[in-house]
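The structure under discussion appears below in the form of structure tokens.
Just so it is clear: chains get the letters A, B, ... in the order the sequence lines come, proteins before strands, and each one is counted from 1.
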Protein chains: 2
Amino acid sequence: MPRATAATEKKVTDLLKRQTLSVTESRKRILQLFLEQPGALSHGDIEKRAGGMFDRVTIYRTLQTFVDRGLIHTIPSADNAIRYALCKDECGDGHHRHEHIHFVCTECEQTFCLDEVVTPVIRLPKGYSTDQIEILVQGKCKQCTVAERR
Amino acid sequence: MPRATAATEKKVTDLLKRQTLSVTESRKRILQLFLEQPGALSHGDIEKRAGGMFDRVTIYRTLQTFVDRGLIHTIPSADNAIRYALCKDECGDGHHRHEHIHFVCTECEQTFCLDEVVTPVIRLPKGYSTDQIEILVQGKCKQCTVAERR
DNA sequence: AGATTTTTGCAACTATGTTGCTATTTCGGT
DNA sequence: ACCGAAATAGCAACATAGTTGCAAAAATCT
Ligand SMILES: [Mn+2]
Ligand SMILES: [Mn+2]
Ligand SMILES: [Zn+2]
Ligand SMILES: [Zn+2]
């Protein structure tokens with residue numbers, strides 16, 4: 001895994017500038033980590049992968065900034081470690097619009113956005129209103145299923 | 001809110017004995033807290049409501065025991081505080097079977113099990129298998145909607 | 001009631017997340 | 001390229017969440 005090719009360097013810089021965010025080392029590196037990785041990342045994952053390059057607080061603040069700007073979104077979990085994943089186009093400064101589900105693999109422990117699976121409508125009892133729906137499916141992911149079949 | 005009426009005292013004792021669990025002060029009190037409360041409780045909630053009566057570790061261990069025996073189940077969250085709620089009949093020693101959704105109210109911040117709302121089937125792409133589905137709906141709950149209408 | 005088993009409380013530790021403050025970096029204008 | 005203002009990073013200190021080992025206390029069994 002290369003530190004940063006000229007191409008990805010440009011890509012993350014452009015992404016940051018598009019959100020009128022200052023281009024800093026930590027923001028570039030953290031954004032790059034998300035781009036070069038299929039699954040979601042927790043704060044701890046990022047800390048490890050960045051190899052002590054940045055302060056813990058900087059990582060927390062960078063993640064929060066990215067969430068605020070609609071670059072990444074949070075994924076709830078049952079193990080008390082919020083995960084983050086890249087947003088697609090629809091999200092932006094101050095607003096998120098997600099209609100996909102999240103998949104947690106019990107084998108590789110990774111969390112994925114399944115963008116092609118749309119969240120169904122949930123009919124609630126009278127008196128309840130819906131702001132947002134989050135669907136977490138737990139099971140075995142594609143890669144792990146294939147690996148097992150070998 | 002009474003400490004423990006004779007009736008609830010008997011009820012929690014019976015529940016514990018049915019699971020062949022020793023009947024202790026902490027288990028009785030924590031179970032009682034769940035029974036006298038409509039929403040889910042986090043470890044922190046229980047610590048506060050028990051008023052320093054028990055050690056933090058005891059509460060953690062009691063909750064884990066209750067989860068293992070199928071008395072309560074966990075509810076994932078986006079705020080890094082796992083919540084717990086009573087199971088209905090279907091769950092037991094070593095197994096949980098839940099098909100209801102969870103509702104998080106943005107007003108009162110409470111989390112509720114909506115037992116009457118059944119989780120829909122989620123069709124996944126080829127290669128993925130499903131163990132468990134967790135649905136979290138965020139919005140305004142019944143009580144808060146009524147309160148607003150006043 | 002006494003022996004045995006289970007549970008509790010304490011201490012010590014790790015992980016996760018937040019806030020205030022100062023030094024450093026980024027960026028816009030010259 | 002350089003300067004000043006504004007934004008960001010790092011540090012320290014703190015708060016909350018969760019875990020483990022061990023000895024004392026209690027619940028259960030006979
Ligand atoms: Mn997602
Ligand atoms: Mn529930
Ligand atoms: Zn997997
Ligand atoms: Zn409410």
Looking at B/Asp14 and B/Lys10, is there a salt bridge between them, counting it only when a charged N and a carboxylate O are closer than 4.0 Å?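 Yes.
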Pair A/Arg29 + A/Glu36, salt bridge at N-O below 4.0 Å: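 Salt bridge: yes.
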Could you check how far [atom1] of [X] sits from [atom2] of [N], rounded to whole Å?
{"X": "A/Glu47", "N": "C/dG17", "atom1": "CD", "atom2": "P", "result": "10 Å"}
{"X": "A/Arg29", "N": "D/dA9", "atom1": "CZ", "atom2": "C1'", "result": "17 Å"}
{"X": "A/Ile46", "N": "C/dG17", "atom1": "CD1", "atom2": "P", "result": "11 Å"}
{"X": "A/Arg27", "N": "C/dT25", "atom1": "CZ", "atom2": "P", "result": "15 Å"}
{"X": "A/Arg69", "N": "D/dA7", "atom1": "CZ", "atom2": "P", "result": "11 Å"}
{"X": "A/Met53", "N": "D/dT8", "atom1": "CE", "atom2": "P", "result": "19 Å"}
{"X": "B/Asp45", "N": "D/dT16", "atom1": "CG", "atom2": "C1'", "result": "13 Å"}
{"X": "B/Phe54", "N": "C/dC10", "atom1": "CZ", "atom2": "P", "result": "13 Å"}

Scan nucleotides 18-30 of chain D nucleotide by nucleotide, 5' to 3', and note B when protein non-hydrogen atoms come under 4.0 Å of the base, S if they reach only the sugar-phosphate, - if neither. BBBB-----SS--
Within 6.0 angstrom of B/Glu107 CD, more than 12 heavy atoms from elsewhere: yes
Flag the pair B/His73 / B/Tyr84 as yes when their ring centroid distance falls below 6.0 Å, and as no otherwise.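 Not under 6.0 Å, so no.
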Could you tell me whether A/Phe103 and B/Tyr128 have their ring centroids closer than 6.0 angstrom? yes
Mind checking A/Ser42 for me? I need base, sugar-phosphate or nothing, with any heavy atom below 4.0 Å counting as a touch. nothing
B/Asp68 and B/Thr65: side-chain donor and acceptor closer than 3.5 Å?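 B/Thr65 and B/Asp68 do not have a side-chain donor-acceptor pair below 3.5 Å.
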Taking atom types as modelled, find out whether B/Gln37 and B/Gln32 have a side-chain donor-acceptor pair closer than 3.5 angstrom.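 No pair is found: no donor N or O on one side chain lies under 3.5 Å from an acceptor on the other.
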Tell me if a side-chain donor or acceptor on A/Ser129 pairs with a main-chain N or O of B/Gly139 at a distance below 3.5 Å.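 Such a contact is absent between A/Ser129 side chain and B/Gly139 backbone.
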Applying side-chain contact (heavy atoms from CB on, under 4.5 Å), run through A/Ile135 and B/Glu134 and close with a yes or a no. CA-CA 6 Å; A/Ile135 302 197; B/Glu134 176 67 48; over 6 Å; no
What is the bend of the helix from C/dA1-D/dT30 to C/dT30-D/dA1 when you compare the axis at one end with the axis at the other, using five pairs each and rounding to 10°? 40°
